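Take a look at the structure below.
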Protein chains: 2
Amino acid sequence: MSATTRPGGRSARVRASVHHAVEELLAEGQQTETLTLPAIAARAGVHPTTLYRRWGSLADLLAEVASSRFSGNVVVPDTGSLRDDLATWAEHVATDLADPDVVALMRANLGCGVDGGSVCVADREEQLTAILDRERSRGGNPPTPEHAADVLLGPLYYRALFAGGLAEPGWPATLVDNLLTPAGTPA
Amino acid sequence: MSATTRPGGRSARVRASVHHAVEELLAEGQQTETLTLPAIAARAGVHPTTLYRRWGSLADLLAEVASSRFSGNVVVPDTGSLRDDLATWAEHVATDLADPDVVALMRANLGCGVDGGSVCVADREEQLTAILDRERSRGGNPPTPEHAADVLLGPLYYRALFAGGLAEPGWPATLVDNLLTPAGTPA
């Protein structure tokens, strides 16, 4: 009954093979109806009981995979200018969202219930806040994180999920222009 | 083998009870793992074979339910002013997205595969285009539908899916201000 997580131990190996199985099944275009804990267990070569005991539900497992996948894979740039920081970062986010595996994992999490979305964007919102905070520490007057998320992350995720893909190169930078050349009521 | 759709006939009754079963199960917070064609058939009181024969897959059934639900339930306003038309419409969209059943149906569709999103927003994009076209017919110079979708629908859907809900009343109107008081490069 040693359920402790020892790096390199059995627990870590099970975790890695289960995460890998989820990513493989998603990449193969498994619909939600067939992406189940037993199917993942079969692919990972572990007993289904292990998955139920350790993750409890598909939603919890998918959230963990998303949390690993979406953590720390976008570097927060520091160019010295808010506009360039945001434009560089927005291009990175757009590149990430152009990866079908990323979108598949996001869709699977959204399909899994009420909190399936927040785990996908938590890191992005933290990075955005960090960029805005740095501008404030430079003496600038950046927009609020909420407004910046509306103007930048809103269109990026909307297009990735609903419009079947992102736009031409350079489009993310125009979102930054929308944000920094402020409109009537930038809230 | 009469699979024709006769209004009020058996086919229409089956369709209605199946759609109703999907909506009930979603409202009860069924996770994707338990929202399956057999579960829907049991709730609707029809044989699972009927569902497999008629809809083929959960994705196709969910897309049909979404298509019925998201069609024609937002009136395109005609106030005589582009700003007021858009603000009224954006408030309607926000009200719709504040309904947990709407978000649950959208999440289920997104979870179901590559095209699960477009059915959720096709009507919204048409309505938006209609509002912009009317402004053009008034002699105005409205933004493109793509840019308007980025600025209006992007934040509305981002907040509904990822930020756990929409914002204060009046927020949708500020999105319209963002759109109509144009920034540097409105693309």
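From a predicted model like this one, the values you see are computed outputs, not experimental measurements.
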Worksheet, complete the sentence: dist A/Glu135:CD -> A/Asn141:CG (nearest 0.5 Å) comes out at 8.5 Å
Discussion item. If the threshold is 4.0 Å, N to carboxylate O, is there a salt bridge linking B/Arg69 and B/Asp123?
Written reply: no
Fill in: Salt bridge flag under 4.0 Å for residues A/Arg54 and A/Asp60
no
Discussion item. A/Phe162 vs B/Tyr157, test: ring-ring contact (aromatic ring centres under 6.0 Å, His included). Steps then yes/no.
Written reply: CA-CA 9 Å; A/Phe162 295 109; B/Tyr157 282 78; 5.1 Å; yes
Practice prompt. Output the option from A/Val151, A/Val103, A/Leu153, A/Leu175 having the highest count of non-hydrogen pairs under 4.5 Å with chain B.
Written response: A/Leu153
Discussion item. Please classify the contact of A/Glu146 with chain B as side chain, backbone, both or neither, using a heavy-atom distance under 4.5 Å.
Written reply: both
Practice prompt. Name the member of A/Gly154, A/Ala122, A/Pro100 that forms the most heavy-atom pairs with chain B at distances under 4.5 Å.
Written response: A/Gly154
